[in-house]
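No experiment lies behind these values; they were computed from the predicted model shown. Throughout, protein chains are lettered first and strands after them, A, B, ... in sequence-line order, and every chain is numbered starting at 1.
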Amino acid sequence: MSVTRDDLIDFVYDEARMLDEGRYTEWLDLWLPDGHYWMPLDWQQEDPLLVTSLLYEDLFMLKLRVERLNGARTFSQKPKSRCHHVLNRPAVDVMDNDSGRHVVTTQMHYVETRLDEQQLLALTARHDLAEVDGRLRIANKRVDILNCDAAFGNIQLLP
Amino acid sequence: MGRYTDNPNAIAALVRGGEVHRDVYIDEELYRLEMRHLFANTWVFVGHDSQTPNKGDYYTTQIGDQPVIMVRHTDNEIKVLYNRCPHKGTKIAIDRTGNTGKFFRCPYHAWSFKTDGCLLAIPLKKGYQDTGFDDSNAKPGMRAVGAVKNYRGFVFARLAEDGISFEDFFNGSLTSFDNMVDRSPAGRLEVAGPPLRYMHQCNWKMLVENQTDTCHPMVAHESSAGTAVQIWKEMGYTEDDPKPPAMEIIAPFMSPYEFFEDMGIRTWPNGHGHTGVHHSIHSKYSEIPGYMEAMHAAYGPERTQGILAENRHNTVYFPNIMIKGPIQQLRNFIPLGPNRTLVESWIYRLVDAPDELLARTAMYNRMINAPTSIVGHDDLEMYERAQEGLHASGNDWVNVQRLYPGPEDFSAEQVENGTTERQMRNQFDAWVRFMTADMPGASAAMQEAAE
Ligand SMILES: [Fe+2]
């Protein structure tokens, strides 16, 4: 099977919708087992390992993160946060049906709210997608926050 | 002038044995007095000298509410200057780091200053002829803080010209810095990247107190650490299976009360203290290939054993930083208002040690101390609830009475049960003394104690 540009673009829209609707089981299932969700701390950061990042999480940590959201004693989620992604049309940077690897970059606005607080973050998300058994999966995801070096309060859901 | 200004007795009355008055966390006047007295008369952390490795390198930060520049002068020494042009008050540097070459140049009227602050040149200088400029407050240039000390790379400053010496202020507590630095085979640390910057809508002292609060991890962090342990079990692993680094870091937060009781708390005079005297949540990290060899080569087996046997958990350096020796982290609790604190979490590389150690340190920092951290979320939730809750009238007092034996003497080093709140009481003992020592009317005893 070979994917089309629309398949790649739809994938990114669908993923954002899963996060906004809190469909985390489905969302985790998008990931390849050795994938990492990376959110750099520094502008144009190149190294995820030897300097601090906001997030650099494997599937174990992502699973822990989403399971925690529903825990009986998850105090920072009583009441729960809500989030909302608004996407620019994703740009397909690489579409390589021979290798089954694709790269899509998307500008987004992300809103997260809880109680009387609401914050807006401007994001650039880069999806490394891989086609495995006829299905698109996330091989890696990098989310750069425009003001990544600013001081933030809690960011509790997934931008 | 309010209730507390120049009123040492009113300030002393806020702290009584096992209780402290809520005003210390929420009162605007006390916050301003903290900036004027406490943060001026104590030794406050500024930065690490590896942030400014070359001459002319500078780093901007603040000491209490005072904007300062840390800069490497032409003689290679670190200077700490108030970040203000003596002319109109313009901040000389506003980027967080940079290199200014041989001199600072104010962007407003091009007055220039040597990197020790001395006035170098003013354009159209003849305009100041016969004006008495030499006697003006502008003539000395950018002012330096009262005193600076570079202790094994960590730069501290005292704003006040006169006061307690660095050695007398920190005394035995410097062993925690020694242990952190000695963990490098080269005996040197280097800063690794920018810090996390996490904004807290709460008083800075809540964060400092939390560093030795050993009765909260298994409660407040059950949702993260407890869930991690549970997922681990569901994956078919047991307690004894080797853990991935993430599990090594997070699982010990769920240790039972006895673990924290047994780990011990040590206090030193002037508000310093640490958890993890005998062991800590950092004790069981797995060995990293190549590190032991490098340490043995540098120190020999016996000294290496001595260095690595210490696994101090959190060391509080009063007033507002904490370090973790075993993972080379420093957290700076920067007060921005009675109900606003910026937390910067820095990490350091052990020079000549394998990169895997730094990778673990970076992982710890993002997992536990980031605005995106599932552990940090619950801590911040507790602080902010307390900051709001303290406005409830009906009880003016906060309780710090756990294992309180009656009137305490903080003037000598002491080791206690790891769940005592003695270290919090130790901080408040120092808080009263350094708040009041330079107030008119302070008792002779208070002045003496702070000297
Ligand atoms: Fe905590």
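To the nearest 0.5 Å, atom CZ of residue A:Arg73 and atom OG of residue B:Ser224 are 13.5 Å apart. In this structure, the separation between CG on A:Asn154 and OG on B:Ser373 is 9.0 Å, given to the nearest 0.5 Å. The line from OG1 of B:Thr227 to NZ of A:Lys63 is 11.0 Å long, rounded to the nearest 0.5 Å. One finds the CD atom of A:Gln156 at 7.5 Å from the CG atom of B:Asp378 (value rounded to the nearest 0.5 Å). With rounding to the nearest 0.5 Å, the separation of CG in A:Leu64 from CD in B:Gln230 is 10.0 Å. Rounded to the nearest 0.5 Å, atoms CZ (A:Arg68) and CD (B:Glu222) are 11.5 Å apart.
Closest approach of A:Phe75 to B:Val219, counting heavy atoms only: CE1-O, 3.5 Å. For the pair A:Gly153 and B:Pro371, the tightest heavy-atom approach, listed with the atom from each and the gap, is O-CB, 3.3 Å. Residues B:Ala192 and A:Leu50 come closest through the heavy atom pair CB-O, 3.9 Å. Summarising the geometry of B:Arg385 relative to A:Lys78, their closest heavy-atom pair is NH2-O, 3.6 Å, with the distance given to 0.1 Å.
Counting non-hydrogen atoms of other residues, nucleotides and ligands closer than 6.0 Å to CZ of A:Phe152 gives a total above 12. For B:Lys233, the NZ atom is loosely surrounded, since the number of other residues' heavy atoms within 6.0 Å does not exceed 12. Within 6.0 Å of the CZ atom in A:Arg126, the count of heavy atoms belonging to other residues, nucleotides or ligands does not exceed 12. The neighbour count for B:Ile288 CD1, taken as heavy atoms of other residues, nucleotides or ligands under 6.0 Å away, is above 12. Heavy-atom contacts from other residues, nucleotides or ligands closer than 6.0 Å to CD of B:Glu234 number more than 12.
The choice from A:Met39, A:Met61, A:Glu57, A:Gln45 that makes the most heavy-atom pairs within less than 4.5 Å of chain B is A:Met61. Ranked by heavy-atom pairs under 4.5 Å with chain A, the list B:Ile231, B:Asp355, B:Ile250 is led by B:Ile231. Ranking B:Tyr364, B:Trp232, B:Tyr198 against chain A, the residue ahead of the rest is B:Tyr198, based on heavy-atom pairs under 4.5 Å. Between chain A and the options B:Ala370, B:Ala362, B:Gly226, the largest number of non-hydrogen pairs under 4.5 Å is found for B:Ala362.
Between the side chain of B:Thr372 and the main chain of A:Leu54, a donor-acceptor pair closer than 3.5 Å is present.
Proximity to chain A among residues 328-350 of chain B is limited to B:Leu342, B:Ile347, judged by heavy-atom separations below 4.5 angstrom. Against chain B, no residue from residues 20-36 of chain A qualifies, as none has a non-hydrogen atom under 4.5 angstrom away. Of residues 44-52 of chain B, not one residue has a non-hydrogen atom less than 4.5 Å from any non-hydrogen atom of chain A.
Residue B:Met363 does not touch chain A at all, counting heavy-atom pairs closer than 4.5 Å. With a 4.5 angstrom heavy-atom cutoff, A:Pro159 does not touch chain B via any of its atoms. With a 4.5 Å cut-off on non-hydrogen atoms, B:Pro244 does not touch chain A at all. With a threshold of 4.5 angstrom between heavy atoms, B:His377 approaches chain A through its backbone and through its side chain. For B:Arg96, the part lying near chain A is the side chain, with the backbone staying farther off; criterion is any non-hydrogen pair under 4.5 Å. Residue contact with chain A, scored on non-hydrogen atoms closer than 4.5 Å, involves the side chain of B:Ala246 exclusively.
Using modelled atom types and a 3.5 Å distance limit, the side chains of A:Ser53 and B:Arg366 yield no donor-acceptor pair.
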(request) List the steps and the verdict of side chain to side chain contact (heavy atoms under 4.5 Å, CB included) for A:Thr52 and B:Thr361. (result) CA-CA 9 Å; A:Thr52 309; B:Thr361 293; over 6 Å; no
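Put simply, the side chain of B:Arg197 does not reach to within 4.5 Å of the side chain of A:Asp149, judged on heavy atoms.
Applying the side-chain hydrogen bond (donor to acceptor under 3.5 Å, both in side chains) test to B:Tyr59 and every residue at least two apart in sequence or in another chain returns nothing.
A salt bridge links A:Arg114 with B:Glu381: at least one charged nitrogen is closer than 4.0 Å to a carboxylate oxygen.
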